[in-house]
Structures are given as C-alpha cells and as structure tokens.
Amino acid sequence: MPAITLPDGSVRSFEGAVTGTMVAASIGPGLAKAALAMELDGKLVDLATEIRADARLRFVTRKDAEALELIRHDCAHVLAEAVQELFPGTQVTIGPPIENGFYYDFSRNEPFTPDDFAAIEAKMREIIARNAPFVRTEVAREDAIKLFTDKGERFKVELIRDLPASETISLYGQGDWVDLCRGPHMRGTGDVGTAFKLMKVAGAYWRGKSDNPVLSRIYGTAWRDQKELDAYLHMLEEAEKRDHRRIGREMHLFHQQEEATGSVFWHPKGWKLYRTVEDYMRRRLDDAGYVEVKTPQVLDRKLWEASGHWENYRKNMFMATVEDRDEAHKLLALKPMNCPCHVLVFNQGIRSYRELPLRMAEFGACHRYEPSGALHGIMRVRAFTQDDAHIFCEESQIADETVRFVALLSRVYRDLGFDSFQVKFSDRPEQRAGDDGIWDRAEGALQEACRIAGVAYELNPGEGAFYGPKLEFVLRDAIGRDWQCGTLQVDFVLPERLGAEYVAEDGTRKRPVMLHRAILGSFERFLGILIEQYAGRFPLWLAPVQVVVATIVDDAADYARQVAAQMQAAGIRVELDLRNEKINRKVVDHIEQRVPVLAVLGRREAEDGKVVLRRLPGREQENVSLAEAVAMLKREAVAPDLRP
RNA sequence: GCCGGCUUAGCUCAGCGGUAGAGCAACUGAUUCGUAAUCAGUAGGCCCGGGGUUCGAUUCCCCGAGCCGGCACCA
C-alpha cells in the first residue's frame, strides 16, 4: 500500500504496486501527457518503474532541467539504432549525454563522414516517428554476455565483463533494437522530439586509451524544441566570430605560419596589447613582493638530467647540438620550464631563513615540443612566455603563500575582465619523481592551504606535474573550451634534486619548499582568451589603438594632426585617419577594427578647437574641447592598478 | 601522435580533366562629403609541396606539410 508524497506535500495512497505512469494518470491527463520520467526518493528513474513502498515522487517534464539530459541520452540511442540500421556490421560502444548534446562511439572499418549525416538524421526522424517505447529489462550477467556475443558486439561484452558484480545489468529496448544501458530513459523514442542535429565526427580511442582501437564518434546536439536548437546554433555562430585566430587577423594583432609551427609572430598592435598586459603584471608582482630575474634559454643536458626533466619530460623538449664540443657537452636543450634555472639562481651564495619566502619571478620564454594535434591558434603553442615565479619557502609558509597567491590571482583576473574561474586540484600522476612520502606531504600541504585560503576545487586525479601536485585555474574560451591558465604547484622534489638549501634559525641547513606558480599561465594563451572574452573590443586601457582621429574634410587635416599629437604626448595610443573617404566609411572601418574611441573633426571643430568623440560601436557623440578630450581619455585609459 | 575534413588573389569564397572567377581589400583617378560602405578604372594567382595516371591535372590517385574539428597529450 504505497503512500506517495508529491513535491507539494500531498500524499496519495495506492492499493498495490503502481508505476509512475499510473500515478501521473491518477493526478490528471495533463500530467500524464507531460511526464517523461520521475525522481523517486531523489533518484531519477523511468516512469514505468514500479513503486512498491512509500516514496517521495517528483515528475520530470520537458520543462525541467533533467529533461535535456534525458532527451540527449535518448537521442544518442536513437542515433545508434539509426546507424546500425543504415550501416550493418557497425558495432556500438558508448553514447552519453554531454554539455549541449551527446555523442555515440561506433566501431566500423570505414569511419563516418559528415556526408553521412543527412541519411542518418532522416533515419533518426523515422525512428522517432515510430515512437517505440523504451523497455527496460534486467538480465543476468551471463545472459547479457551471451546476447551481445551473439550480436557480435565485442565492446559491449567487454563493458559487461568489467561491470562490478554488485551492478544490476539492464538493457533498454526500443522496438527491435536493444542496448546495454543503465538508464533512465523517457517513455519512447517519440519523446526525443525533432530539435536535434548531428554536428561533427571525430576519431576517439576506445575507453580513452591511445593504445586502444580508434572508434568513430558522432557528435550531436539536442534540445527541447526548435527554438532552443536555433538559439544554440546561433550562439555557436556568434562564438565563431569571437575566435581569437579570426580577430587576431582582422585586428592585425599577430600571425602564424608554417616556418614556425606553434609559434606566434606578434604584429605591432598585438605586441602593444602584450606589452600592456606585461607591464601591468610586472607592477602587480612588484607590489606583491616578487623579485624579477631573467635566465638562459639553452642549457646543458647535465642540468636536465639533474632536475629530472631528462627522465620525465624529454619527449617534449627541443634539443640543440653544437659540433665543436666534446661528446659530454654537445647536447643542450631549450628550456621547457624555468624552475631549474630559478633554483640555480637561488643556489648562488648562502641563503638564510630570513630571506624566505623568496618570490622569484620571470617572464620566462619556454619551448615545448607539443604533439602536432594539440596545437591550437595561440592557445596551445610550442614557444611561449610564462608569467612564472617560484616561491622558495619553509613548509610552514605554504598556506600563507597560497592565500596570498589566490588573492593576487583573483585581483588580476578581475582587472582583466574575468569574474569567475574554475579551480582543479591535480594529484600525483603515474609518472613522477619523488617517493610516496614526499607526495603525501605535498598533497596534504596543498589541501590544507586550500582550506585556509577558502578555495573550492574540483578533484582532477592523476593529473599533477611530475614533481608535485597542482592547483589549476581554468578559464573558458568563446566556444566553451576550458584552458588552464593559472597554476600553483607544491614541489619538494626539485629543491632536493638540485640541492637547494638555506640556513635555518637553529643554524642547520634545510631544504626550502618550492611553489611553482603562474597567473596568466602563458601570455600567448591568456591573450588568446582575453581576445575572445572581449571579442576584440578591449577596455580602453588594453586597446592597442585607443583613439582614431578622423577628418571629415581635408581642411581639418592640420587640426587633426595637432589633436593626434597632443593625445600622443599625453600617452594616448592614437592613429590618424586622413583618408579621402566619407566619414560614414571611416566610422564603419573603425568599428570593424574595434577601435574604442573615434574623434571626428570637421571645419567646425577646427575653428572652435573642439573634438567630437564617439564611443564605438555606439552612436552617441560628445562635443568637448581638445583639452577636455585629452584629460578625459587619459583618465579613462589608466590601468586598473594605477587608478586612484 | 591518432581519426576525419580542408588548403584557389591580402581576406571571404566560386569553379573545373582543356592551364581560373566574384565580392571586399590594394593601387590610380575623380569627388571634399557632418557620423554604419562615393563613383570609375587598374593591377593582382608555382590553384600548399612532391610524385603518379592522362595527349593534357588546379581538378583524379599516392606521399608529405600546414591548418580545422575531435581523441590522446598538456609542466
């Protein structure tokens, strides 16, 4: 006699076991029609699930947050059925819902191409129109294995074999098609609706392991209705316009070319942006008690052997050889990291505990031979400059330094337009230097520091650096991809390997702990994200060109030159546009160039000594004196850390 | 590195087994104009590189490079 409590607190009692479908029907025909699944005692299950005992129940309809995930998961099943109907012999593997959609990985000799999408989508619509109910059955492990072995689905068999013994093995059928699945699902394929679209194909390794076979993955997106789908597709189009590679070209910020794969050619305007950020960072670091150093690019193999890079990182290092040195010294490497160099600086002379924490910063240029497939615009490159620093400190100072670092990073991110970021905690990787005792201490210290700093993080197991655990500060680009920018890493290993020590209060020699930390991460990556964040429309202090002085007629040219000269003298980054073009055209061009301020000058302004300012892409005009314009723009262009 | 796709003028893109086109940009001239594209003209191409098939390849095939999307990698 289950008594079912609904979200509004009302209780309904039934004679015997009931299903969600029956409960919904008993409440009303509207709900019976709308309910797709239900949450039973906090767990999302099929509507057809039998309820035998008292329970709390909430129906999930298309409006609810869970609906999207259900639609996407069901859509993945529909995709799999469609593919198997159209391409017999294709094996199915897994097909989960993901952010904005779903994918399904197939095993097939011939990978799918986007040319297959039209046929597959048509078949999917057919399957959805059939509205076959999703039917759950629970089976014994041996039966499941037999079923999928008979079908020739060896990946499914492998999945079943690896399920823990405690796990119930369930199948979901839709018409004649059946898949191994945990569920839950909606009532039938018709509930998927028609607001879906196949997006792209990709190779993906079975179970994410690169020595496993490559599967053919089809990505799709699915939404509640056409309107949502259209909005999503429109959002993607807009995001494409923010792509830093596109804006970099349009705004003449940088370029890349084959002769230097994975490197950036910064053009004058891009370099101005870079320098503006670098100057800002240098001031922030000065204020935060860092000292700045500059260390070599090319170092002898001996150093990399000592640091552990030779063993753990060599595959990512560029080598340099010279002919006229003996065997032992002819191999050098471009530094992939700055840390060993900083230890070498630390090791000069005798250090005292009084000097700690010693915060040693460097805008360090590094080279890493990244796998070709990893390169991505200026976000993932082979030559980059980190806003790197290493804090040499005592173990007891880790927490305080972490608190300070997180405060500094938050300040910088806010100043540069990022109000939120994700934090991940990456612990010991499989390939690492240092014994487990050292790792226990390092991870413990970092966890404790996070607790004290009040940093909430997500665990990222096994992803730490080879020398220590790390915090990753992650920002998101225009297309929704996440990039690690800031980082904080606790390292007991390198000081040991490179013999760093200091004289402690008691006169004994001790090993310092080393905190590796970066805020921007690399200038290249960070500027890429910054470009996308602002879609190239930078706030005045960052804009490579802050003001364009544009004339309406040639008669205003002399005055325009004066205006530009005065602005320039006041430190404003200004350009002149004296072209023989109509002002309309000039407005359009500078909007396209994402110039923040246009100063328009005609005969009237030349006569009155005035300037008409227009904040692009806005339409409003301000008419002010030249002196006022200069003062105002100068004030507005002050970097956030220098504002009164 | 792996799977797939792409690569034609500075940019965005057509094209096609008979050696190439548009728009924008550039250049020249006219126009001097008051806030979202003035008009006319001119010039511009190892059609990514290397092989092959063919009477003939930018087009078809193979190899390579770079880029793009994922996957793997990512101090």
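Every chain is numbered from 1, with letters handed out A, B, ... down the list of sequences.
A salt bridge is absent between A/K302 and A/D300; no separation between the charged side-chain nitrogens and carboxylate oxygens falls under 4.0 Å. Salt-bridge annotation for A/D589 and A/K586: absent, with no side-chain N of the basic residue lying under 4.0 Å from a carboxylate O of the acidic one.
Seen from the ring of A/Y103, A/R217 counts as a face-on cation partner, given the 6.0 Å and 45° thresholds.
Atom CG of A/D105 is separated from atom CZ of A/R207 by 12.0 Å, given to the nearest 0.5 angstrom.
Between A/H255 and A/F265, the angle of the ring planes stays under 30°, which puts this pair in the parallel group of the 30/60° scheme.
Nearest to the side-chain atoms of A/A374 among the listed nucleotides B/A25, B/G34, B/A72 stands B/A72. Of the candidates B/C33, B/C73, B/U38, B/C73 carries the atom nearest the A/P371 side chain, counting heavy atoms from C-beta on. The side chain of A/R249 lies closest to B/C11, out of B/A25, B/C74, B/C11. When distances run from any side-chain atom of A/R217 to the nucleotides B/C33, B/G70, B/A37, the shortest one goes to B/G70. Taking the side chain of A/R380 as heavy atoms from C-beta on, and the options B/C74, B/A37, B/C68, the nearest nucleotide is B/C74.
Proximity of residues 296-315 of chain A to RNA chain B (heavy atom under 4.0 angstrom from any strand atom) is restricted to A/Y313. A heavy atom lying under 4.0 Å from RNA chain B marks the following residues of residues 603-622 of chain A, by number: A/R603, A/R604, A/E605, A/V612, A/R614, A/P617, A/R619, A/Q621.
Interface remark: the A/Y205 side chain does form a donor-acceptor pair with the B/G1 base, using a distance-only criterion of under 3.5 Å. A donor-acceptor contact under 3.5 Å links the side chain of A/D554 to the base of B/U32.
Phosphate proximity of B/C73 to A/Y369: absent, as no side-chain N or O sits under 4.0 Å from OP1 or OP2. Taking 4.0 angstrom as the limit, A/R481 places a side-chain polar atom (N or O) nearer than this to OP1 or OP2 of B/G69. Considering only side-chain N and O atoms, A/H376 lies under 4.0 angstrom from the phosphate OP1 or OP2 of B/G69.
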Protein N or O to nucleotides 3-7 of chain B N or O, pairs below 3.5 Å:
residue	atom	partner	partner atom	Å
B/C3	O2	A/G203	N	3.2

Each nucleotide N or O in nucleotides 63-66 of chain B that has a protein N or O under 3.5 Å away: list the pair and distance.
residue	atom	partner	partner atom	Å
B/A65	O2'	A/E258	OE2	2.8

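With both ends at atom P, the span from B/G10 to B/G49 equals 14 Å, rounded to whole Å. Spacing of P atoms, B/G44 relative to B/U54, comes out at 36 Å, to the nearest Å. Comparing B/C60 with B/C67, their P atoms sit 24 Å apart, to the nearest whole Å.
For A/K197 and B/G69, the NZ to P distance is 17 Å, given to the nearest whole Å. We find that CD1 of A/I378 is positioned 16 Å from C1' of B/C67, with the value rounded to whole Å. Rounding to whole angstrom units, CG of residue A/N109 and C1' of B/C2 are separated by 17 Å. In this structure, A/D211 atom CG and B/C71 atom P are separated by 17 Å, rounded to whole Å. Following rounding to the nearest Å, A/Q593 (CD) and B/C11 (P) show an atom-to-atom distance of 15 Å.
Backbone-only engagement by A/K470 is indicated by non-hydrogen atom pairs under 4.0 Å involving sugar-phosphate atoms exclusively. A/Q484 comes within 4.0 angstrom of nothing in the nucleic acid, heavy atoms only. Residue-level contact check: A/Y103 touches neither bases nor backbone, having no heavy atom under 4.0 Å from any strand. Within 4.0 Å of A/E250, counting heavy atoms only, lies no atom of the nucleic acid at all. At the heavy-atom level, A/F384 lies under 4.0 Å from base atoms of the strands shown. Looking at heavy-atom distances under 4.0 Å, A/K200 makes contact with sugar-phosphate atoms alone, never a base.
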Item to check | Secondary-structure string, 5' to 3', Watson-Crick or G-U under 3.5 Å, | for another-strand partners, for RNA chain B | outcome: (((((((..((((....[..)))).(((((.......))))).....(((((..]....))))))))))))....

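Around atom NZ of A/K197, no more than 12 heavy atoms belonging to other residues, nucleotides or ligands sit under 6.0 Å away. Heavy atoms from other residues, nucleotides or ligands lying under 6.0 Å from CD of A/E622 number more than 12.
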Next on the checklist: I'd like to know whether A/Q484 forms a side-chain hydrogen bond (donor to acceptor under 3.5 Å, both in side chains) with A/K470, so could you lay out the CA-CA distance, the side-chain angles of the two residues, the decisive distance to 0.1 Å, and finally the verdict.
Outcome noted: CA-CA 11 Å; A/Q484 182 200 313; A/K470 64 176 182 175; 3.3 Å; yes

Checklist entry - After noting the C-alpha distance and the side-chain angles of A/F112 and A/Y104, does the key distance pass the ring-ring contact (aromatic ring centres under 6.0 Å, His included) rule? => result CA-CA 12 Å; A/F112 297 103; A/Y104 208 111; over 10 Å; no

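Side-chain contact between A/V381 and A/Q256: present, with at least one pair of heavy atoms (C-beta onward) separated by less than 4.5 Å. Contact of the A/L79 side chain with the A/F196 side chain is not registered, since no non-hydrogen atoms from C-beta on lie closer than 4.5 Å. Two residues are said to be in side-chain contact when any heavy atoms from C-beta on lie closer than 4.5 Å; A/P340 and A/K335 fail this criterion. Inter-residue side-chain proximity for A/H516 and A/Q386 is flagged as unmet; no heavy-atom pair is nearer than 4.5 Å.
For A/F363 and A/F523, the gap between ring centers is short of 6.0 Å.
Residues that satisfy the ring-ring contact (aromatic ring centres under 6.0 Å, His included) test with A/F492, not counting sequence neighbours, are absent from this structure.
Minimum interatomic distance between A/C450 and A/Y457 (heavy atoms only, all atoms of both residues): CB-CE2, 3.7 Å.
When atom types are taken as modelled, the side chain of A/N347 and the backbone of A/L498 share a donor-acceptor pair closer than 3.5 angstrom.
Under the side chain to side chain donor-acceptor pair (under 3.5 Å) rule, A/E532 has a single partner from A/H244, A/R242, A/R246, which is A/H244.
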